[in-house]
Amino acid sequence: MSRGRSDGSQKKRLVASVCGVALFLGFLYVFQGSIFGGQNSGSSTAEYGKSLKRLGASYLGADEDADNKQQDESSSLVQGDTLADDIVPKSFPVCDDRHSELIPCLDRHLIYQMRLKLDLSVMEHYERHCPPAERRYNCLIPPPPGYKVPIKWPQSREEVWKVNIPHTHLAKEKSDQNWMVVKGEKIFFPGGGTHFHHGADKYIAAIENMLNFTDNNLNNEGRLRTVLDVGCGVASFGAYLLASDIIAMSLAPNDVHQNQIQFALERGIPAYLGVLGTKRLPYPSRSFELAHCSRCRIDWLQRDGILLLELDRVLRPGGYFAYSSPEAYAQDEEDLRIWREMSALVGRMCWRIASKRDQTVIWQKPLTNDCYMEREPGTRPPLCQSDEDPDAVWGVNMEVCITPYSDHDNRAQGSELAPWPSRLTSPPPRLADLGLSSEVFEKDTELWQKRVENYWNLMGPKISSNTVRNVMDMKANLGSFAAALKDKDVWVMNVVPPYGPSTLRIVFDRGLIGTTHDWCEAFSTYPRTYDLLHAWTVFSDVQAKECSQEDLILEMDRLVRPTGFIIIRDKQSVIDFVKKYLTALHWEEVATADSSSDSDQDGNEIIFVIQKKLWLTTESLRDAAE
């Protein structure tokens, strides 16, 4: 049977298509104005009218064809590579209000729509699955109705605006555990948790007492600085550790308690969306002095103990794992079975019990390889192969094996790190692994101290002592940008790309925290997370990898809070590119400067400081008023 069409039929369809396109363009011109060209209104709070194209309306519904059509429309509006240099985009389309919390690479609706076949038993559905280019929502993420500028730190540790995260189910579900309490326009955080109903501060004091450190202080005179809190809830454990000069990476998936990390970040507490699933955590080996799990609902015995082995990989020599769970104290048959099997597993991993009291057990990792070498042949889990890189983490599968120490680390019998805060500016031993000298490290630290002082001068009257709390360095290198902020009441998420030198180990060795990330993809966090983004040659790197700079600029808009700041340090062509989009993004130029005043190099980089305006959709304003 012939499948062809007559020439007449093809012509009719072509004419109909052309007419349809013409009518659509005419509609945009009449009701919205030209997509490109024009000037900003200049108001401090922008408002979108109903006539603006809303994208993703069927995103939570079942009309997949319409959803795909809207994605195609949004993609076509921001293909900046096809624009002439003299064309200036006036506006971006706005995503549907139901996308106000969109996390593109942790999007369960995308999983359903793409019909990905994932193993739920190993948490693959909580791991990163990024949309292909044709399924990206290239539109501005709107704030929720009535959004307010977040409460400043340290007050934010205790309270946030309810309208900013309008989810109160955790307050009801965890009402007996003091996670959070709703009162009027605010949500309050009494400091409770599933295991510590009476407050994280009292729970931390109990752990301090168990370990019997000097002065009963968990930081152990600066020797315990970095902590990984898995299954962290709203991160009250990490919040109360800050008073002891301890910084925790609070980690939880976007699961049934899906807004827990969003609450943590709104409070100004370091946190990251992630899961112990099938992939390695995005942290180098030997990054944390303490790992913590308080009723974190993780099956540590699954797959031959692979998740405990991942904790072992990221713990430093002599590091601790504090585990508070019924298995540590309950006497029913099932809990006793789990306890026996878990004790046997960690024994074969050469962990020892440092302390066990009431409902908590604290294990300690060995300082050397001696115990590993003394195990019986064939003991499982085995040691990892010598050619496996324990610091390769981006998209790398976990392995059922123990990461042994290098010959140097084995002889050192410890991390050889200076105590905090000296650790911040002391050259760490692992510099040698990267072929870097102490002199290079010290010069880098001095250089970024000068640069950060210049940045704050450029922002001038726009900022005060509590304007900035959550900071991201999008290309952290050795972590010297974050180190230069040590006297400011901020924390920094130091991001290191998976390509190039794996300098994230140096970041952690300085007593800082961070993660591995490829900026060709969306970051694992909620919208409106950071008060300040620092992008040093990030646009140039993305361009060199032939990824979309337009996608990057929209992702940065998603990450930064309204009234937050972006500092771009890059070549002139990048600054010119970004300037084209200021009006469309509701960004405002704060300052532009060349780098000659704060650089020991040739000064060919330009510093561009931007502030994001607060804008709301008409629908949001209407809903907030009702």
Side-chain angles (χ1 to χ4, degrees), residues 71-72 74-83 92 95 99 102-107 110-111 113-114 116 124 126-141 254 272-275 278-284 389 391-397 472-477 493-504 507 514-527 529-530 533-560 566-571 573-575 577-578 580-581 585:
Q71 287 169 321
D72 292 342
S74 65
S75 297
S76 68
L77 289 172
V78 292
Q79 294 302 316
D81 292 336
T82 64
L83 298 179
F92 280 106
C95 299
H99 297 330
L102 179 66
I103 311 165
C105 294
L106 295 171
D107 179 4
L110 175 73
I111 292 174
Q113 290 174 0
M114 295 188 67
L116 301 180
E124 279 190 309
Y126 293 139
E127 295 184 323
R128 290 174 56 84
H129 303 283
C130 296
E134 66 274 10
R135 298 192 71 92
R136 293 174 184 168
Y137 282 88
N138 292 321
C139 45
L140 299 181
I141 303 294
N254 186 21
Y272 183 80
L273 278 166
V275 68
T278 67
K279 305 296 183 186
R280 282 179 171 175
L281 296 175
Y283 318 121
D389 183 0
D391 297 324
V393 297
W394 188 250
V396 177
N397 288 330
M472 176 186 284
D473 189 1
M474 299 175 67
K475 184 182 177 183
N477 194 27
M493 179 67 79
N494 293 279
V495 180
V496 172
Y499 46 86
S502 55
T503 57
L504 190 57
V507 170
T515 188
T516 305
H517 184 71
D518 184 348
W519 286 112
C520 292
E521 300 177 3
F523 193 76
S524 294
T525 196
Y526 287 87
T529 294
Y530 289 92
L533 303 179
H534 176 241
W536 171 45
T537 68
V538 175
F539 280 89
S540 290
D541 293 344
V542 164
Q543 186 179 38
K545 291 195 67 185
E546 298 184 348
C547 296
S548 169
Q549 290 181 302
E550 290 79 12
D551 284 350
L552 175 61
I553 205 169
L554 282 167
E555 174 64 1
M556 292 171 71
D557 183 77
R558 187 183 75 87
L559 295 178
V560 72
I566 298 172
I567 301 173
I568 299 174
R569 188 185 190 98
D570 216 314
K571 56 191 178 185
S573 61
V574 166
I575 307 305
F577 166 81
V578 174
K580 290 197 306 181
Y581 290 92
L585 292 164

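For reference, positions follow the sequence shown, starting with 1. Values below: every heavy atom of this structure, side chains too, minus hydrogens, waters and symmetry copies. As the structure is a prediction and not an experimental result, all values here were calculated from the model.
Heavy atoms only, all atoms of each residue included: Ser540 and Val574 are closest at OG-CG2, 3.8 Å. Across all non-hydrogen atoms, the minimal contact from Leu585 to Leu140 is CD2-CD2, 3.6 Å. Taking every heavy atom of both residues into account, Cys520 and Arg136 meet most closely at O-NH2, 4.0 Å. Heavy-atom minimum distance, Arg280 versus Asp389: NH1-O, 2.8 Å. Considering every non-hydrogen atom in both Pro104 and Pro131, the closest pair reads O-CD, 3.3 Å. Nearest heavy atoms, Gln549 versus Phe539: NE2-O, 3.5 Å.
In this structure, the side chains of Leu504 and Val507 come closer than 4.5 Å at one or more pairs of heavy atoms. Annotation: side chain of Asp518 is in contact with side chain of Tyr499 (closest heavy-atom distance under 4.5 Å). Side-chain contact check for Met114 versus His129: every heavy-atom pair is 4.5 Å or farther apart. With contacts defined as side-chain heavy-atom distances shorter than 4.5 Å, the pair Asp557/Ile141 does not qualify. For the pair Leu106/Arg128, a side-chain contact is recorded, criterion being any heavy-atom separation below 4.5 Å from C-beta on.
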With side-chain contact (heavy atoms from CB on, under 4.5 Å) as the test, would you mind laying out the steps for Thr516 and Val496 before giving the verdict?
-> CA-CA 5 Å; Thr516 305; Val496 172; 5.5 Å; no

Might you work through the side-chain contact (heavy atoms from CB on, under 4.5 Å) test for Trp536 and Asn477, ending with a clear yes or no?
-> CA-CA 10 Å; Trp536 171 45; Asn477 194 27; 4.1 Å; yes

Show your reasoning for whether side-chain contact (heavy atoms from CB on, under 4.5 Å) applies to Asp473 and Val495.
-> CA-CA 6 Å; Asp473 189 1; Val495 180; over 6 Å; no

Could you go through the side-chain contact (heavy atoms from CB on, under 4.5 Å) check for Glu555 and Trp519 one step at a time?
-> CA-CA 9 Å; Glu555 174 64 1; Trp519 286 112; 4.2 Å; yes

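Using cut-offs of 30° and 60° on the angle between ring planes, the pair Tyr581 and Phe92 is parallel.
Formation of a donor-acceptor pair under 3.5 Å by the Arg558 side chain with backbone atoms of Thr525 is found in this model. For the pair His517 (side chain) and Met474 (backbone), a donor-acceptor distance under 3.5 Å is absent. Remark: side-chain polar atoms of Glu127 are paired, donor with acceptor, to backbone N or O of Lys279 under 3.5 angstrom.
The CG atom of Leu533 sits 6.0 Å away from atom CG of Leu559, with the distance rounded to the nearest 0.5 Å. Residue Ile566 holds its CD1 atom at 4.5 Å from CE of Met556, rounded to the nearest 0.5 Å. Note that the OH atom of Tyr272 and the OG1 atom of Thr515 stand 4.0 Å from one another [nearest 0.5 Å]. Put simply, CG on Leu554 and SG on Cys139 are 8.0 Å apart, with the number rounded to the nearest 0.5 Å. With values rounded to the nearest 0.5 angstrom, Leu552 atom CG is found 8.0 Å from Phe577 atom CZ. With rounding to the nearest 0.5 Å, the separation of CZ in Arg135 from CG in Asn138 is 13.0 Å.
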